[in-house]
Amino acid sequence: ETGVTQTPRHLVMGMTNKKSLKCEQHLGHNAMYWYKQSAKKPLELMFVYNFKEQTENNSVPSRFSPECPNSSHLFLHLHTLQPEDSALYLCASSQPGTEDWAYGYTFGSGTRLTVV
Amino acid sequence: ILNVEQSPQSLHVQEGDSTNFTCSFPSSNFYALHWYRWETAKSPEALFVMTLNGDEKKKGRISATLNTKEGYSYLYIKGSQPEDSATYLCAFRDNNDMRFGAGTRLTVKP
């Protein structure tokens, strides 16, 4: 366990379903991230939250909707997804601040999403 | 180089072999280079953070070097063991972002 917990581990959903991914950390970190990992591609940054405020949205389609109610929890709400959205969705956290570039991210184990 | 590139994409070695792989990254606006080890169905786990040109880091049988002027880092594994089988990710950190490579998938056969 890294301290970042993602649920569910696996999710199969239809294109008309609405579902949510959850990420939780109790490391005291104030930055949280959603990444998408498709086969043989680099991790693709989707959203960044710093101190509960969204600071980055990497041109992600509106069918993905993030929510950060507090600095320990991050959600990714999914609605009318496409089969090409099938991927591993990773959550990470870090502690922003002076020299934060010297500190890496703590990752969860990911949610394997399949859209049918 | 604008992106982070890792080579080879995958590697199969025999137990006991030593191996190495490469991470290439932009040589401008460098802040740090991170290496992660990612076992299947687990979380990516931080291995090293390297910040200075010429840095060398070591953890057990795994070591890494850094050349920020030419934009590359090498990861070495000495005497590979089956438990070293994983994907090794590198990530380039500038003043804004962390950009990841696609990883090198290492399989060590007993």
Side-chain angles (χ1 to χ4, degrees), chain A residues 1-11 21 23-25 27 29 31-50 55-59 74 87-113, chain B residues 1-11 23-26 28-53 55 57 59 64 66 68 73 75 86-106:
Chain A
E1 279 298 326
T2 62
V4 177
T5 303
Q6 287 188 244
T7 53
R9 293 294 301 268
H10 300 272
L11 178 63
L21 310 185
C23 176
E24 185 173 354
Q25 58 90 11
L27 300 169
H29 290 171
M32 295 186 79
Y33 312 82
W34 279 117
Y35 279 90
K36 176 183 179 182
Q37 212 255 335
S38 304
K40 299 185 180 179
K41 290 187 178 178
L43 291 179
E44 180 185 336
L45 181 64
M46 300 175 73
F47 301 106
V48 181
Y49 277 83
N50 267 299
T55 57
E56 195 157 344
N57 172 345
N58 253 11
S59 303
L74 183 65
L88 181 71
Y89 290 84
L90 276 174
C91 173
S93 69
S94 70
Q95 184 54 23
T98 305
E99 297 187 355
D100 61 353
W101 39 265
Y103 298 94
Y105 294 172
T106 303
F107 285 91
S109 301
T111 295
R112 174 70 62 187
L113 174 68
Chain B
I1 291 178
L2 296 177
N3 296 316
V4 179
E5 295 169 4
Q6 290 189 246
S7 62
Q9 192 173 82
S10 64
L11 195 53
C23 172
S24 300
F25 52 85
S28 60
N29 206 22
F30 175 90
Y31 274 61
L33 194 283
H34 297 258
W35 280 102
Y36 290 85
R37 180 172 178 275
W38 192 4
E39 289 183 72
T40 303
K42 294 189 177 179
S43 317
E45 172 196 340
L47 275 178
F48 303 117
V49 181
M50 309 178 79
T51 57
L52 297 174
N53 185 42
D55 253 357
K57 297 273 176 133
K59 187 185 283 189
L66 179 68
T68 59
S73 175
L75 190 81
T87 296
Y88 292 82
L89 291 178
C90 70
F92 165 78
R93 180 68 197 263
D94 62 18
N95 59 326
N96 275 324
D97 296 317
M98 182 97 85
R99 268 180 278 166
F100 287 84
T104 292
R105 185 176 182 88
L106 175 67

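These figures come from a predicted structure and were not determined experimentally.
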If you compare all heavy atoms of [X] against all heavy atoms of [Y], which two are closest, and at what distance to 0.1 Å?
X: A:S109; Y: B:S43; answer: OG-OG, 3.2 Å
X: A:R9; Y: B:A41; answer: NH2-O, 2.8 Å
X: A:G108; Y: B:P44; answer: O-CD, 3.9 Å

Side chains of residues 31-39 of chain A: which donor-acceptor pairs under 3.5 Å do they make with residues two or more places apart or in other chains?
residue: A:Y33; atom: OH; partner: A:S94; partner atom: OG; Å: 2.7
residue: A:W34; atom: NE1; partner: A:F75; partner atom: O; Å: 3.2
residue: A:Q37; atom: NE2; partner: A:K41; partner atom: O; Å: 3.3

Q: Answer yes or no: is there a side-chain heavy-atom contact under 4.5 Å between B:Y36 and A:Y105?
A: yes
Q.
Let me confirm one number: the CE-CG distance from B:M98 to A:L43, rounded to the nearest 0.5 Å.
A. 10.0 Å
Q. Atom NZ in A:K40, atom CZ in B:R105: separation rounded to 0.5 Å?
A.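 With rounding to 0.5 Å, NZ (A:K40) is 10.0 Å from CZ (B:R105).
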Q | Under 4.5 Å from a heavy atom of chain B, the part of A:R112 involved | A |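 Contact with chain B involves no heavy atom of A:R112 at all.
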Q: Just do the side chain to side chain contact (heavy atoms under 4.5 Å, CB included) check on B:L89 and A:F107 with the steps written out, would you?
A: CA-CA 13 Å; B:L89 291 178; A:F107 285 91; over 6 Å; no
Q.
Suppose we screen for side chain to side chain contact (heavy atoms under 4.5 Å, CB included). Which residues come up paired with A:T111, at least two apart in sequence or across chains?
A. A:Q6, A:P8, A:L11, A:L21
